Protein chains: 2
Amino acid sequence: MTNPAAPDTVDEFRQRLAALGPLPKRLQQCADHLAGNLDRIAVSTVAELAAGAQVPPSALMRFCQIMGFHGFSDLQRLFRDAIGGGLPDYATRLRNLKTEGADQPGALVAEFIESGRQSLENLARTLDEAALSRAVELCRAAGTLHLIGLRRAFPVASYLAYVCEKLSIPAMLHEGVGGLSLSQALRPDDALLAISFAPYSSETLGLVEKASALGLPVVALTDSLTGPLAKGAQVVLTVEEVDFGAFRALSATLALALGFAVALAAARAT
Amino acid sequence: MTNPAAPDTVDEFRQRLAALGPLPKRLQQCADHLAGNLDRIAVSTVAELAAGAQVPPSALMRFCQIMGFHGFSDLQRLFRDAIGGGLPDYATRLRNLKTEGADQPGALVAEFIESGRQSLENLARTLDEAALSRAVELCRAAGTLHLIGLRRAFPVASYLAYVCEKLSIPAMLHEGVGGLSLSQALRPDDALLAISFAPYSSETLGLVEKASALGLPVVALTDSLTGPLAKGAQVVLTVEEVDFGAFRALSATLALALGFAVALAAARAT
DNA sequence: GCAGAAATAGAATAAATATTCCATCATGGA
DNA sequence: TCCATGATGGAATATTTATTCTATTTCTGC
């Protein structure tokens with residue numbers, strides 16, 4: 001056979017789809033429609049999908065074979081096996097909450113739930129494991145881990161301080177009580193974890209600069225690889241939160257921060 | 001026919017399942033297995049589900065009919081239509097992250113992502129809208145909204161303070177800087193939002209008691225309807241976070257708190 | 001425009017899956 | 001103990017669904 005073996009994960013299938021060369025008209029329609037309806041493949045019949053792509057069923061069959069599958073059933077098995085989470089009753093309940101009155105408190109909570117979930121899924125997709133490992137490595141030997149995060153990043157920083165305490169990681173939270181900057185507390189063998197999102201707070205940027213000048217390892221937890229916080233940092237961890245209204249639920253940022261802290265504790269223990 | 005009409009949402013199906021009277025053995029097995037595998041109904045065949053429930057296919061068919069459906073296909077349509085979000089590639093990626101080494105930082109983040117997501121789904125399922133509305137109503141007329149949450153609840157309280165500021169809700173965060181209690185700041189027309197989880201911090205309980213004695217409205221955000229925090233509160237909002245290791249991602253708590261704050265701002269604006 | 005190759009549609013067939021039916025087995029009340 | 005009622009399992013059937021095949025059409029290079 002001239003075709004490469006069939007993909008055996010959904011991810012691989014997606015990539016293969018994207019990397020597909022130019023195709024005859026009908027097969028292209030198949031590719032486009034499948035790519036746009038990945039979540040329905042598991043629960044549709046050949047006839048339904050073919051109708052959606054506006055091709056006859058036989059065209060879809062040919063497409064499956066071109067992709068390396070034996071037939072449609074073969075492809076479908078991939079997607080059926082991948083269905084696990086996302087319990088449908090949760091989706092239903094969420095829809096109910098949302099639609100029963102846009103200004104009801106329940107509807108607002110539903111929106112934040114949804115944006116939190118999307119943020120978490122984004123993080124799962126885009127997490128840069130290499131950067132995370134480097135960040136842990138970098139802070140592993142630090143005497144004290146300095147934490148800074150102000151305004152909306154403050155909850156994250158303060159939770160990290162709590163977690164570090166529990167994990168016996170020497171940490172210091174720069175919270176700016178009384179306007180004190182405490183930047184003198186940075187010692188030569190320390191490290192800094194700075195958390196900030198656009199618009200970046202000047203105090204945070206200032207502390208990063210200072211730590212950088214002293215040659216300390218700096219890890220940034222921020223929303224952009226190119227933002228000002230990324231400049232002074234050795235390692236940048238990015239996380240993209242989905243907003244609802246003017247606010248974000250911080251779910252993904254907290255998950256990443258927690259994972260970092262626990263990994264750091266594990267690294268220090270060995 | 002003696003059966004009530006078939007459920008036409010997944011939620012309704014769940015409720016009907018739970019409310020089912022005593023059943024003959026095989027039918028009970030069907031009910032149990034379906035209840036425990038809701039997420040596989042959409043992608044399984046009669047034979048597969050029957051095997052899982054350890055009954056012959058015909059027993060499952062009878063069960064479908066007892067539930068008011070014409071047949072299994074009828075029931076399955078319900079679940080197939082309900083599948084939407086939860087793109088499978090997210091699930092795949094998450095699985096990859098988790099399995100590639102339990103002590104890798106990426107795997108830890110994946111665990112926190114997963115527990116965050118479960119917490120959010122729990123919240124969607126169990127949110128008590130009536131209580132939430134009462135909470136908003138209760139705090140609507142308050143002069144100042146007092147916020148307290150210490151230790152691991154502190155990030156939530158501090159984020160609420162930030163959000164209230166942005167929403168022009170007069171709020172005061174009791175953070176205990178310098179060991180001051182500030183309980184004298186409670187004025188007759190104020191309200192208190194207290195956040196605490198087991199083991200409850202005594203400072204929080206103390207402030208609740210004081211506010212209660214003064215006759216102020218008290219809203220509790222906690223993990224149990226029967227815990228000590230629920231005692232002194234007029235309204236109790238419960239949220240159950242899924243732990244990973246000793247820590248929780250706070251996703252659900254934050255989503256609920258944010259929803260409350262925005263709803264409160266909306267109520268005050270009218 | 002013509003031969004050859006590739007692509008296509010739709011009907012024919014094969015496979016899988018759901019559904020019904022009935023003979024058998026259990027259960028509870030006279 | 002026997003009958004009546006209801007439950008059960010499995011084989012037979014009906015239906016849906018996937019897959020293949022082939023005649024026809026559409027491209028491509030010459």
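As the structure is a computational prediction, the values presented were derived from the model and not from experiment. Quick note: numbers below take in every heavy atom, side chains included, and nothing from hydrogens, waters or symmetry partners. So that the names make sense, note that chain A is the first sequence line, chain B the second, and so on, each numbered from 1.
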Please list, pair by pair, any protein nitrogen or oxygen found under 3.5 Å from a nitrogen or oxygen in nucleotides 26-28 of chain D.
none

Please list, pair by pair, any protein nitrogen or oxygen found under 3.5 Å from a nitrogen or oxygen in nucleotides 6-8 of chain C.
from	atom 1	to	atom 2	distance (Å)
dT8(C)	OP1	R26(A)	N	2.9
dT8(C)	OP2	R62(A)	NH1	3.0

Could you run down the sub-3.5 Å N/O contacts of the protein with nucleotides 12-18 of chain D?
from	atom 1	to	atom 2	distance (Å)
dA18(D)	OP1	V46(A)	N	3.2
dA18(D)	OP2	V46(A)	N	2.7
dA18(D)	O3'	S73(A)	OG	3.0

Could you list the donor-acceptor pairs under 3.5 angstrom formed by side chains in residues 48-64 of chain A, with sequence neighbours left out?
from	atom 1	to	atom 2	distance (Å)
E48(A)	OE1	T45(A)	N	3.1

Give the table of side-chain donor-acceptor pairs shorter than 3.5 Å for residues 245-254 of chain A, with sequence neighbours excluded, one pair per line with atom names and distance.
from	atom 1	to	atom 2	distance (Å)
R248(A)	NE	D243(A)	OD1	3.0
R248(A)	NH2	D243(A)	OD1	2.9
R248(A)	NH2	D243(A)	OD2	3.4
T253(A)	OG1	E241(A)	OE2	2.8

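Residues forming a side chain to side chain donor-acceptor pair (under 3.5 Å) with S196(B) (at least two apart in sequence, or on another chain): none. For E137(A), the side-chain contact (heavy atoms from CB on, under 4.5 Å) test picks out R140(A), with sequence neighbours left out. Partners of D32(A) under the salt bridge (charged side-chain N to carboxylate O under 4.0 Å, His left out) rule, at least two apart in sequence or in another chain, do not exist in this structure. Residues meeting the side-chain contact (heavy atoms from CB on, under 4.5 Å) test with S73(B), sequence neighbours left out: none. Every side-chain contact (heavy atoms from CB on, under 4.5 Å) that Q76(A) has, sequence neighbours left out, goes to F72(A), R80(A). For Y200(B), the side chain to side chain donor-acceptor pair (under 3.5 Å) test picks out D223(B), with sequence neighbours left out.
Annotation: the span from L38(B) atom CG to H33(B) atom NE2 amounts to 10.5 Å, rounded to 0.5 Å. Distance CG/L225(A) to CG/L237(A): 9.5 Å, rounded to 0.5 Å.
To the nearest angstrom, P of dT19(C) lies 10 Å from CG of L60(B). For the pair F63(B) CZ and dA7(D) P, the interatomic distance rounds to 14 Å; values are reported in whole Å. Distance, I66(A) CD1 to dT20(D) P: 14 Å, rounded to whole Å. Taking atom CD of residue Q29(A) and atom C1' of nucleotide dA9(C), one finds them 13 Å apart after rounding to whole Å.
A close approach under 4.0 Å does occur between a side-chain nitrogen or oxygen of Q65(B) and OP1 or OP2 of dT20(C).
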- Message: Each nucleotide in nucleotides 23-29 of chain C should get exactly one letter: B, S or -. Can you fill that in based on protein heavy atoms under 4.0 Å?
- Response: -------

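Annotation for E240(A): atom CD does not count as buried by contact number, only 12 or fewer foreign heavy atoms lying within 6.0 Å.
Side-chain contact between F79(B) and V43(A) is absent, with no heavy-atom pair separated by less than 4.5 Å.
Taking each heavy atom of A153(A) and I195(A) in turn, the nearest pair found is CB-O, 3.5 Å.
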